[in-house]
Asks: 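One structure coming up, written as structure tokens, with questions to follow.
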2 protein chains.
Amino acid sequence: MTTVLLADDHQLLRQAVRRALEDAGFDVAAEAGDGEEAADLAARHQPDVVVMDVTMPVLDGIRATRRIRELSPSARVVMLTMHGEESLLADAIDAGATAFLTKDCSLQEVVRAVRSAADGETMLSPDLAASLLGQFREPPVDGPAPSPLTRREEEILQLVADGRSTTEVARELFISAKTVKNHLASIYVKLDARDRTQAVLSGVRMGIVHLR
Amino acid sequence: MTTVLLADDHQLLRQAVRRALEDAGFDVAAEAGDGEEAADLAARHQPDVVVMDVTMPVLDGIRATRRIRELSPSARVVMLTMHGEESLLADAIDAGATAFLTKDCSLQEVVRAVRSAADGETMLSPDLAASLLGQFREPPVDGPAPSPLTRREEEILQLVADGRSTTEVARELFISAKTVKNHLASIYVKLDARDRTQAVLSGVRMGIVHLR
DNA sequence: GCCGGAATAGGCCGCACGACTCATTTCGCC
DNA sequence: GGCGAAATGAGTCGTGCGGCCTATTCCGGC
């Protein structure tokens with residue numbers, strides 16, 4: 001049977017989660033009230049899954065997770081947090097957490113996450129997944145914006161972004177410096193820029209030029 | 001009872017998923033072999049959840065999802081794909097998909113996703129979630145790179161990135177243009193840039209200036 | 001108490017840059 | 001066949017920009 005360790009400084013929440021997990025057929029082997037206790041109990045009981053709060057006394061959930069991952073590598077950690085902060089998410093995953101849930105999710109979600117974790121599978125809180133996907137969706141939206149520049153102009157802007165001066169661009173493309181300046185002037189008009197700096201930045205924003 | 005529509009051009013896969021869903025207590029109302037059929041059947045049966053493959057004849061899963069989201073807004077779409085391509089993920093979410101799974105996941109994962117979708121919750125394939133998180137973890141690694149610039153220099157570089165000329169920066173900061181040039185010279189040395197364009201680009205790469 | 005870095009400021013020099021106008025050739029497209 | 005856009009090139013003009021050197025003030029740390 002799958003054994004679980006609960007770590008949260010709020011007894012109320014521990015009781016609720018314990019009920020839900022036991023109803024779902026899990027064996028809650030122990031409960032911890034702070035991170036250090038959690039690490040000790042994990043070492044002793046070797047649970048399959050640890051359900052852990054991020055904010056706890058003595059040793060926070062992130063550090064506790066790190067320690068548990070060292071002492072009991074087989075244990076999967078399901079992280080709970082009050083606030084759906086993305087920085088915490090990154091830290092948690094870095095520490096070796098398998099799942100990450102916000103506390104405003106349902107008990108069913110927690111049970112589902114524990115089941116996934118027991119199967120060795122990653123899981124994200126639905127709302128966090130949504131916000132992550134939201135960030136993922138933004139760039140492609142304005143990413144494929146049709147460039148107002150001609151091929152030659154894009155080529156020149158990229159070279160300028162790479163640090164070339166007007167004469168260097170000219171040498172590189174085997175054309176006269178004057179032509180490069182003409183192209184640049186055209187670029188400034190099209191991108192509503194008044195100098196190469198603004199033109200390059202516009203290019204970066206529009207995804208026409210690549211940072212190197 | 002939760003009704004489900006299956007859309008996939010491989011009958012074998014449809015049968016497998018149907019079995020798993022029915023065992024889990026779902027009602028598989030219909031099956032479609034291509035995207036157009038899926039959209040039609042969705043309009044007729046108004047299922048709670050549509051499980052749809054990305055690659056299908058006639059109308060691909062992305063377009064089919066878009067059409068279904070228009071005709072049957074209450075239907076949640078769980079997207080399946082062979083390849084865990086992130087560009088597809090973005091497109092799928094943009095089309096209005098609620099969940100996104102790779103086909104190498106277990107049937108239990110599909111069932112879990114359908115259950116989540118029926119509850120109106122987003123879900124990500126564990127491996128996709130992991131890869132997303134991977135990308136999320138990277139930026140913070142080199143993000144908090146200690147800036148070699150002083151506060152004043154950062155301030156000036158940001159203004160330059162915002163499009164201000166030397167004299168404009170001076171006016172804005174109530175200092176002489178000469179001082180601004182001095183700061184810029186210092187910035188060029190520290191960032192190994194030879195002009196404002198390269199300095200600003202370095203700033204962008206290092207995350208000390210923000211694109212606006 | 002003093003040294004050093006940060007912020008302030010001035011001068012000088014040369015060139016690269018950007019603004020404005022115009023010309024030629026070569027395409028694709030109607 | 002001819003129109004228009006893209007690419008090429010030129011001249012002129014003014015000034016913004018960057019290199020180099022020096023100086024003063026202020027502050028924090030040794």
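None of these values were measured; they are calculated from a predicted model. Numbers restart at 1 for each chain; the letters A, B, ... are given by sequence-line order, proteins then strands.
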Asks: Tell me whether the OP1 or OP2 atom of C/dG18 has a side-chain N or O from A/Tyr188 closer than 4.0 Å.
Replies: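 For A/Tyr188, the contact criterion (side-chain N or O under 4.0 Å from OP1 or OP2 of C/dG18) is met.
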Asks: Distance check, rounded to the nearest 0.5 Å: A/Arg196 atom CZ versus B/Gln198 atom CD?
Replies: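 Reported to 0.5 Å precision, the distance equals 10.0 Å.
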Asks: Which nucleotide wins on minimum distance to the side chain of A/Thr150, given the candidates D/dA6, D/dT8, C/dT8?
Replies: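 Nearest to the side-chain atoms of A/Thr150, counting from C-beta on, is D/dA6.
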Asks: Would you indicate which nucleotide in C/dA7, D/dA10, C/dG18 comes nearest to any side-chain atom of A/Ser176?
Replies: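 Nearest nucleotide to the side chain: D/dA10.
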Asks: Which distance, rounded to the nearest 0.5 Å, do you find between the OG of A/Ser176 and the NZ of A/Lys181?
Replies: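 The OG atom of A/Ser176 sits 9.5 Å away from the NZ atom of A/Lys181.
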Asks: Enumerate the residues from residues 160-167 of chain A whose closest heavy atom to DNA chain C is under 4.0 Å, giving them by residue number; use none for an empty result.
Replies: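 By residue number: A/Ser165, A/Thr166.
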Asks: Can you check the A/Leu157 CG to D/dA7 C1' distance for me, whole Å?
Replies: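 Rounding to the nearest Å, CG of A/Leu157 and C1' of D/dA7 are 17 Å apart.
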Asks: Between A/Arg196 and C/dG18, does any side-chain N or O lie under 4.0 Å from OP1 or OP2?
Replies: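 True: A/Arg196 side-chain N/O within range (under 4.0 Å) of C/dG18 OP1/OP2.
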Asks: Where each residue is assigned the nucleotide of DNA chain C containing its nearest heavy atom, which of B/Ile175 and A/Thr197 is assigned the position nearer the 5′ end?
Replies: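 Between the two, 5'-proximity favours B/Ile175.
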Asks: Using side-chain heavy atoms (C-beta onward) and a distance below 4.5 Å, is A/Thr3 in contact with A/His45?
Replies: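 Counting from C-beta outward, A/Thr3 and A/His45 never come under 4.5 Å.
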Asks: Specify the separation, in whole Å, of atom CZ of A/Arg151 and atom C1' of C/dG28.
Replies: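 It is 13 Å, rounded to the nearest whole Å.
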Asks: Measure from CZ on A/Arg171 to P on C/dA16 and round the result to the nearest Å.
Replies: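 Answer to the nearest Å: 10 Å.
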Asks: Please check the phosphate of C/dA7 (OP1 and OP2 only) for any side-chain N or O of B/Thr179 closer than 4.0 Å.
Replies: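 Answer no for this pair, as no side-chain N or O of B/Thr179 is under 4.0 Å from OP1 or OP2.
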Asks: Can you check side-chain contact (heavy atoms from CB on, under 4.5 Å) on A/Val160 and A/Ile187, steps first, answer last?
Replies: CA-CA 12 Å; A/Val160 169; A/Ile187 291 172; over 6 Å; no
Asks: May I have the distance from A/His183 (atom NE2) to C/dG18 (atom C1'), rounded to whole angstrom?
Replies: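 Going from NE2 in A/His183 over to C1' in C/dG18 covers 16 Å.
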Asks: Measuring from B/Arg67:CZ to B/Glu70:CD, what's the distance to the nearest 0.5 Å?
Replies: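 The CZ atom of B/Arg67 sits 8.5 Å away from the CD atom of B/Glu70.
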Asks: For B/Ile156 and for B/Asp195, locate the closest nucleotide of DNA chain C by heavy-atom distance; then report the residue assigned to the nucleotide nearer the 5' terminus.
Replies: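 Mapping each residue to its closest nucleotide by heavy atoms, the 5'-most match is B/Ile156.
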Asks: Between A/Lys190 (NZ) and D/dA7 (C1'), how many Å, whole number?
Replies: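 Value for this atom pair: 11 Å.
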Asks: To the nearest angstrom, how far is B/Leu149 atom CG from C/dG5 atom P?
Replies: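 Atom CG in B/Leu149 sits about 16 Å away from atom P in C/dG5.
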Asks: Does A/Arg194 make a side-chain N or O approach to OP1 or OP2 of C/dC17 shorter than 4.0 Å?
Replies: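 Answer no for this pair, as no side-chain N or O of A/Arg194 is under 4.0 Å from OP1 or OP2.
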Asks: Passes side-chain contact (heavy atoms from CB on, under 4.5 Å), B/Asp162 versus B/Glu172? Steps please.
Replies: CA-CA 12 Å; B/Asp162 290 344; B/Glu172 205 139 333; over 6 Å; no
Asks: Which atoms of nucleotides 21-30 of chain D (N or O only) lie under 3.5 Å from a protein N or O atom, and what are those distances?
Replies:
none

Asks: Nearest-Å distance, CD (A/Glu153) to P (D/dT8)?
Replies: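 Those two atoms, CD and P, are 10 Å apart.
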Asks: Passes salt bridge (charged side-chain N to carboxylate O under 4.0 Å, His left out), A/Glu37 versus A/Arg14? Steps please.
Replies: CA-CA 14 Å; A/Glu37 201 182 343; A/Arg14 287 208 305 272; over 6 Å; no
Asks: If you draw a 6.0 Å radius around CZ in B/Arg152, do more than 12 non-hydrogen atoms from other residues or ligands fall strictly inside?
Replies: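 Yes, enclosed.
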Asks: Go through it in stages, so that I can follow the logic: the residues are A/Ser186 and A/His183, the test is side-chain contact (heavy atoms from CB on, under 4.5 Å), and I'd like the CA-CA distance, side-chain angles, deciding distance and then a yes or no.
Replies: CA-CA 5 Å; A/Ser186 168; A/His183 283 305; 5.5 Å; no
Asks: Let me know the distance between CD of A/Gln198 and P of C/dA19, rounded to the nearest Å.
Replies: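 These atoms are roughly 13 Å apart.
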Asks: Are there over 12 heavy-atom neighbours, none belonging to B/Arg18, within less than 6.0 Å of that residue's CZ?
Replies: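 Above 12, so yes.
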